[in-house]
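Scroll down for the structure; my scribbles are underneath it.
Keep in mind that the numbers below use all heavy atoms, side chains included, and drop hydrogens, waters and symmetry copies. Along the sequence shown, the residues carry numbers beginning at 1. We count ligands from 1, going down the list as the structure has it; atoms in each ligand are counted the same way.
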Amino acid sequence: MPRPLAWTATLAVVLLLGIPHGALDGEVARPLLRPRFGRAWFLAFAVPYLSLSAAVLLAWRAAPEAVLAGFLAASVLHFGEEDAGPGRPLELLVRGGLSIALPVLLHPAATARVFEAAMLAPMPAIPPWLQAAALAWAVLAPFAVARMIAAGRWPVAVEGLLLGLAFAALPPLAGFALYFVGLHAPRHTASLAADPRRAPRVRSTGEALWRSLPVTALTLLIGAALWPFFPGAPPERLLALTLQGLAALTLPHLLLDGIAARVAPPVGGASRHRPPR
Ligand SMILES: CC1=C(/C=C/C(C)=C/C=C/C(C)=C/C=C/C=C(C)/C=C/C=C(C)/C=C/C2=C(C)CCCC2(C)C)C(C)(C)CCC1
Ligand SMILES: [Fe+2]
């Protein structure tokens with residue numbers, strides 16, 4: 001497939017199937033804010049959420065490489081928390097970092113091209129700080145895998161191996177889409193459905209999908225309104241808008257996870273996520 005078409009198709013999948021899991025943030029905030037703000041709860045939630053996101057979008061223009069670094073660090077934390085659960089810091093780093101470190105190590109030129117288009121700033125090669133972080137990941141990964149195997153957690157080790165093969169075989173953006181839409185979003189949704197205290201109205205995947213629709217539509221509308229502010233040909237423009245937009249949503253999405261866990265500790269102990277095993 002020619003690159004512009006491949007980028008557009010991959011980004012469409014990320015937007016249509018990835019956004020809904022974040023749109024469920026509204027369902028997490030609802031029980032926390034509705035008792036206090038009544039019918040105005042959504043406004044009380046959306047205004048700070050959107051303000052944080054807007055601040056990140058503006059920061060992309062002012063300091064693209066610093067924001068990229070922050071976004072990647074936040075992603076490791078966010079993906080790792082969902083995959084490893086609490087109390088496993090090494091596993092959090094290794095599982096959360098896999099989807100970034102592998103493309104950087106295995107497809108450096110293609111990954112730098114994607115970052116360049118996303119940042120709207122030149123990146124002729126992977127910068128040294130990112131190369132160093134990816135190498136540190138490669139040093140830590142075998143220790144995490146050895147621990148999983150020693151604990152008899154074979155499914156987790158096999159999942160890592162299969163993901164590694166996928167990231168080796170696929171172009172960087174497609175590898176990310178596979179992980180984000182195929183693992184992260186369903187896992188996040190399943191953990192919400194399994195925890196009646198975090199999002200009481202989300203009791204099944206079907207309900208999650210249904211409940212996520214209005215905020216997903218609102219997010220896509222806001223994204224469409226931002227289109228004129230991004231330069232370039234449509235595929236590059238969509239890439240910059242999608243990745244900068246995801247980074248902007250990641251900050252409140254990550255903060256809300258932490259706040260909700262503190263305010264309403266989940267049923268059955270400290271664990272807020274259910275790792276696969
Ligand atoms: C609720 C609400 C809302 C909504 C929200 C949402 C919808 C959210 C979402 C969220 C989300 C949805 C999130 C996401 C996240 C994501 C992430 C975190 C990602 C990451 C990524 C990465 C890190 C990548 C990387 C790369 C590239 C880029 C290329 C190649 C290679 C690699 C793979 C390295 C609104 C605003 C409307 C309003 C208010 C309320
Ligand atoms: Fe997420």
Heavy-atom nearest neighbour in the protein, as seen from atom 9 (C) of ligand 1, with distance rounded to 0.1 Å: Gly22 CA, 3.4 Å
Atoms in ligand 1 flagged as close to Leu72, the criterion being non-hydrogen separation under 4.0 Å: 23 (C)
Side chain proximity check, Leu226 to Gln244, heavy atoms < 4.5 angstrom: no
Atom indices of ligand 1 within 4.0 angstrom of Leu243 heavy atoms, with elements: 28 (C)
Sub-4.0 Å atoms of ligand 1 with respect to non-hydrogen atoms of Phe45: 1 (C), 40 (C)
Near the Fe ion (ligand 2) (cut-off under 2.8 Å), count of protein N, O or S atoms: 4
Residue portion contacting ligand 1 (non-hydrogen atoms closer than 4.0 Å) for Ser99: backbone
Listed once per pair and sorted, the salt bridge (Lys or Arg N to Asp or Glu O under 4.0 Å) pairs that draw on residues 240-250, sequence neighbours left out: none
Protein residue, atom and distance nearest to atom 24 (C) of ligand 1, heavy-atom basis: Phe176 CD1, 3.8 Å
Side chain, backbone, both or neither: the part of Val114 lying under 4.0 Å from ligand 1 by heavy atom: side chain
For Ile19, the ligand 1 atoms whose distance to one of its heavy atoms is below 4.0 Å: 7 (C), 12 (C)
Min heavy-atom dist Ala118 to ligand 1 below 4.0 Å: no
Straight-line distance of Phe180 CZ to Leu17 CG, nearest 0.5 Å: 10.0 Å
Nearest protein heavy atom with distance in Å, relative to atom 23 (C) of ligand 1: Ser75 OG, 3.4 Å
Greater than 12 external heavy atoms within 6.0 Å of Arg147's CZ: no
Side chain proximity check, Leu50 to Ile222, heavy atoms < 4.5 angstrom: yes
Backbone N/O of Val94 and side chain of Trp137: donor-acceptor pair under 3.5 Å: yes
Residues in salt bridge (charged side-chain N to carboxylate O under 4.0 Å, His left out) contact with Arg203, at least two apart in sequence or another chain: Glu207
pair Leu220-Leu16: side-chain heavy atoms closer than 4.5 Å: yes
Proximal atoms of ligand 1 relative to Leu50 (non-hydrogen, under 4.0 Å): 36 (C)
Side chain proximity check, Glu91 to Arg153, heavy atoms < 4.5 angstrom: yes
Identity and separation of the nearest protein heavy atom to atom 2 (C) of ligand 1: Val215 CG1, 3.6 Å
Which of the ligand 1 atoms, numbered from 1, are nearer than 4.0 Å to a heavy atom of Ala46: 39 (C)
Atom 18 (C) of ligand 1: nearest protein contact (heavy atom, Å): Thr250 OG1, 3.3 Å
Taking atom 30 (C) of ligand 1 as the reference point, the nearest protein heavy atom with its distance: Pro172 CB, 3.4 Å
Atom pair CG (Leu163) and CG (Leu178), whose distance is rounded to the nearest 0.5 Å: 7.0 Å
4.5 Å side-chain heavy-atom contact, Phe115 and Leu130: yes
Any pair counted as ring pair (Phe, Tyr, Trp, His ring centres under 6.0 Å), so long as it reaches residues 222-257, sequence neighbours left out: His21-His253, His78-His253, His188-His253
Minimum-distance protein heavy atom relative to atom 11 (C) of ligand 1: Leu249 CB, 4.1 Å
Whether Phe180 lies under 4.0 Å from ligand 1, heavy atom: yes
Ligand-side contact atoms (ligand 1) for residue partner Phe115, heavy atom cut-off under 4.0 Å: 26 (C), 27 (C), 28 (C), 34 (C)
Parallel, tilted or perpendicular: ring planes of Tyr179 versus Phe167, cut at 30 and 60 degrees: tilted
Side-chain touch Asp25/Val215, heavy atoms, less than 4.5 angstrom: no
Nearest neighbour in protein (non-hydrogen) for atom 37 (C) of ligand 1: Thr219 OG1, 3.4 Å
Stepwise salt bridge (charged side-chain N to carboxylate O under 4.0 Å, His left out) test for Asp257 and Arg198: CA-CA 10 Å; Asp257 242 12; Arg198 269 175 83 213; 2.9 Å; yes
Test item: Leu120 and Trp60 side chains (from C-beta on) under 4.5 Å apart, heavy atoms: no
Contacting atoms of ligand 1, where contact means under 4.0 angstrom from a heavy atom of Leu246: 12 (C), 14 (C)
